[in-house]
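Indexing begins at 1, ligand by ligand and atom by atom, following the structure's order. No hydrogens, no waters, no symmetry mates; every other heavy atom, side chains included, goes into these values.
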Amino acid sequence: MQEKEALMRCNPTRRTFLKGTAATAALAAVGTCSVTAWQAERAEAAGAKTQGASLCNGCSSKCGLVATTLDGRLWTVEGMEAHPYSKGTLCGRGHGTAQWAYSDGRLTQPMKRAEDGSFAPISWDDAFAEIGAKVQEILAEAGPEALAIVQDPRPSGKYYSKRFMNALGSANVYTHAAACNLSKESGIQEATGASNYSVDFPNTKMVVFIGRSYGDGIRPSSVKSLAGAADKGARVVIVDPRLNNTGIFATDWVPIKPGTDIALLLGIANVLVANDLYDHEFVEQFTVGFPEFAAQVAEYTPAWAEGVCDVPADTIVELAEALAAAAPACAIEPSWRAAFGCAYQNSFETARVVCAVNALLGCWGQKGGALITSSPKVGDVDPAKFPEVPKPTAKRVGDAEFPLALSGTGTNLAVLNGCNDGTVQGVFFYNSNAVQGYAQPAKWREALAKAKLVVTIDVQMSETALASDYVLPECTVLERMELPEFIGGKKHYVALRTPVIDRVHPETKSCDEIFVGLAEACGVGQYFPFTVEELADAQLATVGTSLDAVREAGIVELADPGFQFGTPAFKTPTEKFQFTSAKVAEAGLNPVIGYVPRLVEPAAGEFSLIGGKQGIHSHTMTLNLEALNAISREYQLERLWMAASDAAELGIADGDTVELSSSEASGRVAVKVTERLKPGVLFLPTHYGSTSPYLTRAQGFGLNMMDFIPLHLEPAVGSTMSQEVAVTVRKVED
Ligand SMILES: Nc1nc2c(c(=O)[nH]1)N[C@H]1C(S)=C(S)[C@@H](COP(=O)(O)OP(=O)(O)OC[C@H]3O[C@@H](n4cnc5c(=O)[nH]c(N)nc54)[C@H](O)[C@@H]3O)O[C@H]1N2
Ligand SMILES: Nc1nc2c(c(=O)[nH]1)N[C@H]1C(S)=C(S)[C@@H](COP(=O)(O)OP(=O)(O)OC[C@H]3O[C@@H](n4cnc5c(=O)[nH]c(N)nc54)[C@H](O)[C@@H]3O)O[C@H]1N2
Ligand code: SF4
Ligand SMILES: [Mo]
């Protein structure tokens, strides 16, 4: 148990380490490759030193950074003080990805795939012309609905990709959300009318994390705010089959059976209702459907919940009572990906139940509770300069099957299915490694092989690039200007990516240049008669600032949105918090928030397989970066976690190699034997198992969890159900 206690805040011997700032710095510094005496020495000796502001591209957080260059070469990156997500700190990935511009794994020129699968360089002009001709062919034969783009929501990417597709007449624009947070955001939306919320950490007395780890899936500001709450004595409960690295801030670890969080939460709701511990005033004034919910939740007693999720009924009762005592200064945290972002058949419903518990606690909008905040509204720009694109006539492929999916993101697996049934024939990927991360790679490859045209815009030869006909190299983030990034919350901001170094490889282009080139080649160049600077300036004018002002400061605070504590306006069709939803009923599901089981129940001798982030890597993209790869290898971070009692039973020792198998795949990996995992569960970090021979450090290192997952879509919203699998392990000789 030593390992576990060493990590938990309740162990007094660790208390000094847990001072928020110290812990934050320790977490954030993992993988840092700057700030040494050697650097200081060189800096003294060096010539021209300049600073520029930009936004990290290490993950969706897009933290603000300040880059220092020496003689035109990148020297250090630091977190921007005024940016609400970095608050002066970059995480290890922020520092590690700063190597990207100079990385030996970069794409330096456009590439075209030959019949035999090999790639050869092609000029930009030829690549654009050939892609344009193929697009025209698809348009003539199958119409615009046969074209699609999948992009990771980045400032320029989300604008240019949508405009490009819409200009061609297609509405098929998708994000990575079906493999991230689509279920959770769609569920929160059904209950509250907003797609997400945050916990008011400065004032909270108790927070319950359902499989969200601030200590692993890092955003610097989140780590800082949690550290602050922990230092003020807040009770911090981690519900996770694994004692994750948020443990340093936690008071309680509740190990749970994977995919059954919904039962624990319904058990808590049952206690709150049955013992009359809920907020009557909130429920009466601000909700619809409570009587139906209360009648249904009566079945979900703590004893029933224990039977499903394997958390003792007493623990469930105690948690419910403690939450009620702390209410309204407490909340179930909204989570992000792992437990109910996209993982299980019940993920959408789990998100609704999370919201229902917060409603019973009356914590919506309250000090220390669950806050729904607003985002800046960007106004219309001059249509004479930025011509409006006609709205595509056909709906996005996949929307009809999944009416509950959040409208902004779409269900990217519709693209995979569309390639298989021929409805999608031309696919573009921008800043997306769909093949490796959004569903089983073999299924993506099979589907994309059927398409007439696949184009990937990337900085390296990703697995998705390898499955493409054309690969277009973007310059890396610190080499380019992008459209403004607007940030919501209690306060509103706008920040900007600006080039802080010159392009290292002349044959790379920025997002806007690539899309304008594509648009011209496809015959829709008339919709792009402006530069990215002109559009940025026009957008910024609509929120009362300018390109010069944001360039100068790196980030600008916008007009105060006037956030106030108090029950928020729920933007649902009923204008109330919804314990029942007509839209869910229309989709053929139970309208009343309730129970849905997980799909795959491991049999005797089988394990649940769960995944999660590591502080130094992002998804699939950072594994080939020299500094970050070196850390993984030094600490053998690719290992599969196994509970000590399971290992003992199977005769497996720490460091032994096992073969992991599911219905879909098998592969070999070393084992980390640990006390920090619930028996019956295996944990695989999600950054490994690259198969691209161009990524020489990453290829063949560790396993990719997605290889093991059957292709099946969450019935409610079309998420990838990334943990609906049962696996076996057996010891093998290395
Ligand atoms: N195996 C696996 N699958 C996952 C996850 C995981 O951790 N592991 N995480 C899940 C989650 S939470 C999410 S949000 C999604 C994320 O899915 P994605 O947003 O697709 O993220 P990555 O898998 O990191 O792939 C990003 C791709 O963008 C490329 N790239 C990096 N920088 C640039 C740039 O500046 N320009 C361009 N054009 N390309 C760039 C990278 O080389 C990489 O190929 O994946 C989900 N699926
Ligand atoms: N280091 C790093 N940080 C990141 C990212 C990254 O790639 N790397 N990506 C960013 C993005 S896009 C995202 S979506 C977030 C993701 O942030 P998180 O959702 O916090 O990420 P994960 O590490 O995938 O999952 C958190 C925890 O969920 C646990 N878990 C797995 N299955 C279950 C389950 O069934 N029930 C419960 N209760 N727990 C479970 C895992 O053990 C893990 O400890 O991170 C963001 N920050
Ligand atoms: S959390 Fe880390 S990787 Fe993500 S944007 Fe911020 S600094 Fe970059
Ligand atoms: Mo994500």
Side-chain angles (χ1 to χ4, degrees), residues 28 31 55-65 77-80 83 85-87 89-98 100-101 103 105-107 150-154 156-157 175-182 217-223 336-338 341-343 412 429-441 456-466 471-480 482 497 508-511 514 611-625 684-690 692 695 702-707 709 720 722:
L55 300 176
C56 179
N57 198 39
C59 77
S60 318
S61 290
K62 290 161 276 185
C63 295
L65 63 80
V77 287
E78 285 168 84
M80 190 185 285
H83 194 285
Y85 294 163
S86 48
K87 291 202 166 143
T89 307
L90 295 178
C91 79
R93 298 168 292 146
H95 288 282
T97 52
W100 222 316
S103 163
R106 274 187 70 177
L107 277 162
V150 181
Q151 52 90 28
D152 182 26
R154 300 298 202 246
S156 280
T175 72
H176 60 210
C180 176
N181 57 8
L182 179 61
I218 294 176
R219 172 181 284 176
S221 59
S222 303
V223 182
W336 200 338
R337 183 214 191 199
C342 63
N412 62 53
F429 293 98
Y430 173 75
N431 201 144
S432 156
N433 196 4
V435 166
Q436 190 76 342
Y438 301 179
Q440 197 187 116
T456 289
I457 303 162
D458 206 299
V459 293
Q460 62 188 359
M461 210 43 145
S462 68
E463 287 72 15
T464 306
L466 275 181
V471 184
L472 306 179
E474 187 167 29
C475 55
T476 59
V477 58
L478 298 179
E479 301 168 286
R480 66 183 189 243
E482 286 198 48
R497 284 187 172 146
T508 56
K509 290 183 190 287
S510 58
C511 176
I514 295 173
K613 311 291 183 201
Q614 290 175 334
I616 60 153
H617 282 300
S618 278
H619 317 301
T620 71
M621 76 175 182
T622 50
L623 189 54
N624 201 54
L625 289 168
L684 194 64
T686 53
H687 311 294
Y688 299 96
S690 168
S692 170
L695 306 178
L703 297 177
N704 177 8
M705 183 164 161
M706 296 311 290
D707 282 329
I709 311 299
T720 189
S722 57

Ile218 neighbourhood, listing ligand 3 atoms whose heavy-atom distance to it stays under 4.0 Å:
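Heavy-atom distances to Ile218 below 4.0 Å select 1 (S).
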Counting only heavy atoms, which portion of Arg480 has something under 4.0 Å from ligand 1: side chain, backbone, both, or neither?
side chain
Using a heavy-atom cut-off of under 4.0 Å, does the side chain or the backbone of Tyr430 touch ligand 1, or both, or neither?
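Side chain only.
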Name the closest protein heavy atom to [atom], giving the residue it belongs to and the distance to 0.1 Å.
{"atom": "atom 30 (N) of ligand 1", "value": "Asn431 ND2, 3.4 Å"}
{"atom": "atom 20 (O) of ligand 1", "value": "Tyr438 OH, 2.6 Å"}
{"atom": "atom 43 (C) of ligand 1", "value": "Asp458 OD2, 3.5 Å"}
{"atom": "atom 37 (C) of ligand 1", "value": "Glu474 OE1, 3.2 Å"}
{"atom": "atom 32 (N) of ligand 1", "value": "Asn57 ND2, 3.3 Å"}
{"atom": "atom 6 (C) of ligand 1", "value": "Thr686 O, 3.5 Å"}

Heavy-atom proximity to [atom], best of [options]:
{"atom": "atom 23 (O) of ligand 1", "options": "Asn704, Thr620, Leu695", "result": "Thr620"}
{"atom": "atom 10 (C) of ligand 1", "options": "Cys475, Ala179, Gly437", "result": "Ala179"}
{"atom": "atom 15 (C) of ligand 1", "options": "Arg154, Met621, His619", "result": "His619"}

Using only atom types and a distance under 3.5 Å, with no angle test, would you say the side chain of [X] pairs donor to acceptor with the backbone of [Y]?
{"X": "Gln436", "Y": "Gly689", "result": "yes"}
{"X": "Ser86", "Y": "Gly64", "result": "yes"}
{"X": "Glu482", "Y": "Ser156", "result": "yes"}
{"X": "Arg106", "Y": "Ala101", "result": "yes"}

So is [X] in contact with ligand 1, going by heavy-atom distances below 4.0 Å?
{"X": "His176", "result": "yes"}
{"X": "Glu463", "result": "no"}
{"X": "Lys613", "result": "yes"}

Per-atom contacts of ligand 1 with [X], taking only distances under 4.0 Å to non-hydrogen atoms:
{"X": "Asp152", "value": "19 (O)"}
{"X": "Gln436", "value": "1 (N)"}
{"X": "Ser462", "value": "44 (O)"}

Result for side-chain hydrogen bond (donor to acceptor under 3.5 Å, both in side chains) between His619 and one of His687, Lys613, His176 points to Lys613
I'd like to check the side-chain contact (heavy atoms from CB on, under 4.5 Å) partners of Ala465; sequence neighbours left out, ordered by chain and number.
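With sequence neighbours excluded, Ala465 shows a side-chain contact (heavy atoms from CB on, under 4.5 Å) to Thr456, Met461, Ser462, Val471, given in chain and number order.
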Check side-chain contact (heavy atoms from CB on, under 4.5 Å) between Lys509 and all other residues, then give those that pass, not counting sequence neighbours.
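For Lys509 the side-chain contact (heavy atoms from CB on, under 4.5 Å) partners, ignoring immediate neighbours, are Trp124, Phe128, Glu513, Ile514.
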Between Ala434 and Thr464, which heavy-atom pair has the shortest distance, and what is it?
N-OG1, 3.1 Å
Excluding waters, which protein N, O or S atoms are within less than 2.8 Å of atom 8 (Fe) of ligand 3?
Cys56 SG
What residues, two or more places apart in sequence or in another chain, satisfy ring-ring contact (aromatic ring centres under 6.0 Å, His included) together with Tyr85?
His83
Hey, which of Leu65, Leu55, Asn57 is the one that makes side chain to side chain contact (heavy atoms under 4.5 Å, CB included) with Val477?
Asn57
Please classify the Ser60 to ligand 3 contact at 4.0 Å (heavy-atom distances, strictly less than): side chain, backbone, both or neither.
neither
Which distance, rounded to the nearest 0.5 Å, do you find between the CZ of Arg219 and the NZ of Lys87?
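So the gap between those two atoms works out to 10.5 Å.
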